[in-house]
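All heavy atoms count here, side chains included; hydrogens, waters and symmetry mates do not. Positions are given from 1, in the same order as the sequence printed here.
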Amino acid sequence: MARSYGTSAARVEGLKRMFAHIRVLIMALMTAGPVLAQTPAAAPAKPVKMVVLGDSLSAGLGLSAPAAFPARLQKALSDKGIKVDMINAGVSGDTTSGGRDRLDWSIPEGTEAVILELGANDALRGIDPAITRAALTDILTRLKARNIAVLLCGMLAPPNYGSEYAARFNAIYPELSKAFGVPLYPFFLEGVASEAKLNQADGIHPTAEGVDIIVKNILPMVEAFIGTISGQRS
């Protein structure tokens with residue numbers, strides 16, 4: 001008997017159901033496209049609110065505002081895609097005691113991080129290292145109480161006050177870093193101090209090129225510092 005190519009009513013009904021399912025699936029895929037396209041991208045990370053609390057070395061004495069350390073550091077971070085709201089709270093001539101006395105109004109509410117660069121004037125004036133230590137201790141204690149992260153920048157005493165003074169002064173920064181559990185950049189002027197071409201005529205304050213060297217040297221530590229803060233946000 002010849003094979004029949006006719007279709008039964010049941011088979012026709014089955015094909016109808018199959019086509020109906022396919023039509024529903026196609027409609028679902030067409031609808032899903034625009035929904036996925038409209039899904040908003042993840043919001044960019046909020047900029048870290050940072051203050052550089054320091055003296056003339058960070059304030060930028062003898063330089064334009066854009067050439068000062070805080071501005072150059074912010075630019076270097078921005079070039080790496082790291083957003084920072086930066087405040088230059090450097091005051092020329094300030095000692096650690098001066099920084100302590102103006103701490104509350106220099107560090108506004110909402111500050112998340114402080115780069116602490118003080119002590120050069122203490123060393124230049126031969127201030128008793130015990131006074132310097134006490135002032136820095138007070139600053140660190142008060143910032144910790146406000147849950148503000150600190151990157152401590154070390155300073156080295158000049159040789160003219162003798163080895164005993166230098167030993168007492170130079171020990172302040174690593175010991176406070178350990179005591180408070182804050183990161184330490186050992187010497188703020190690393191790579192710049194005593195380099196005539198990187199300092200202004202006074203031989204103390206960095207030129208714009210000198211500031212860029214400081215920024216280049218400290219940048220990896222600042223990146224890690226900010227990374228820790230960002231990690232604590234989540």
Query - same_hphob_cluster(Y173, F180) at 4.5 Å side-chain heavy-atom cutoff - result: yes
Query raised in the report: With a 4.5 Å heavy-atom cut-off, do V91 and D55 have their side chains touching?
Result: no
**Report entry** pair T111-I87: side-chain heavy atoms closer than 4.5 Å
**Finding:** no
Query raised in the report: Regarding T207 and Q200, is there a side-chain donor-to-acceptor distance under 3.5 Å anywhere?
Result: no
Atom pairs and distances, side-chain donor-acceptor, residues 141-162, under 3.5 Å, sequence neighbours left out:
| unit_1 | atom_1 | unit_2 | atom_2 | d |
| --- | --- | --- | --- | --- |
| T141 | OG1 | T137 | O | 2.7 |
| R142 | NH1 | R100 | O | 3.4 |
| R142 | NH2 | D104 | OD1 | 3.1 |
| R142 | NH2 | D104 | OD2 | 3.4 |
| R146 | NH1 | I107 | O | 3.2 |
| R146 | NH2 | I107 | O | 2.8 |
| R146 | NH2 | P108 | O | 3.3 |
| Y161 | OH | L124 | O | 2.8 |
| Y161 | OH | G126 | N | 3.4 |

Query raised in the report: Is any side-chain heavy atom of I115 less than 4.5 Å from a side-chain heavy atom of Y185?
Result: no
Report task. Could you pull out the closest heavy-atom pair between N88 and A59, with the gap in Å? Result -> ND2-O, 3.3 Å
**Report entry** Heavy-atom side-chain contact between E190 and I213 under 4.5 Å
**Finding:** no
Report summary line: Rounding to 0.5 Å, atoms CG (L136) and CD (E175) come to a distance of 12.0 Å
Report task. May I have the step-by-step check of side-chain contact (heavy atoms from CB on, under 4.5 Å) for L116 and L140, ending in yes or no? Result -> CA-CA 9 Å; L116 180 54; L140 290 167; 4.1 Å; yes
Query raised in the report: Step by step, would you call E117 with L53 a side-chain contact (heavy atoms from CB on, under 4.5 Å)?
Result: CA-CA 6 Å; E117 180 277 305; L53 181 69; over 6 Å; no
Report task. Please report the closest heavy-atom contact between A68 and S58, naming both atoms and the distance. Result -> CB-O, 4.1 Å
Query raised in the report: Got a second to check how far T132's OG1 is from I127's CD1, nearest 0.5 Å?
Result: 5.5 Å
Query - Minimum heavy-atom distance L61-S92, with the two atoms named - result: CD1-OG, 3.8 Å
Query raised in the report: So do F169 and D122 actually touch side chain to side chain, heavy atoms under 4.5 Å?
Result: yes
**Report entry** Flag, side chain of E209 to backbone of L198, donor-acceptor distance under 3.5 Å
**Finding:** no
Query raised in the report: Would you call N199 and H205 a side-chain contact if the rule is heavy atoms closer than 4.5 Å?
Result: no
Query raised in the report: Between L63 and P206, which heavy-atom pair has the shortest distance, and what is it?
Result: CD1-O, 3.8 Å
Query raised in the report: With a 4.5 Å heavy-atom cut-off, do V182 and L176 have their side chains touching?
Result: no
Query raised in the report: Between the main-chain N or O of A134 and the side-chain N or O of D138, is there a donor-acceptor pair closer than 3.5 Å?
Result: no
**Report entry** Residue pair N217 / G191: nearest heavy atoms and the distance that separates them
**Finding:** ND2-CA, 4.3 Å
Requested in this report: Begin from the C-alpha positions of E223 and I82 and carry the test side-chain contact (heavy atoms from CB on, under 4.5 Å) through to its verdict.
Outcome: CA-CA 8 Å; E223 286 185 74; I82 302 171; 3.9 Å; yes
**Report entry** Expected output: side-chain Q74 to main-chain V84 donor-acceptor under 3.5 Å
**Finding:** yes
Requested in this report: Kindly determine whether D85 and V48 satisfy side-chain contact (heavy atoms from CB on, under 4.5 Å), including the steps that lead there.
Outcome: CA-CA 6 Å; D85 283 341; V48 172; over 6 Å; no
Query - Spatial distance of atom CG (N170) from atom OH (Y165) [nearest 0.5 Å] - result: 9.5 Å
Query - Considering all heavy atoms, the nearest E112-P47 contact - result: OE1-O, 3.7 Å
Report task. Flag yes if I204 and L189 sit in one hydrophobic cluster, no otherwise; membership is Ile, Leu, Val, Met, Phe, Trp, Tyr, and two members link when side-chain heavy atoms are under 4.5 Å apart. Result -> no
Query raised in the report: Do side-chain atoms of R102 reach the backbone of A89 as a donor and acceptor pair under 3.5 angstrom?
Result: yes
Query raised in the report: Does any non-hydrogen side-chain atom of T95 lie less than 4.5 Å from one of L118?
Result: no
Report summary line: So CZ of F188 and CD1 of I214: to nearest 0.5 Å the spacing works out to 4.5 Å
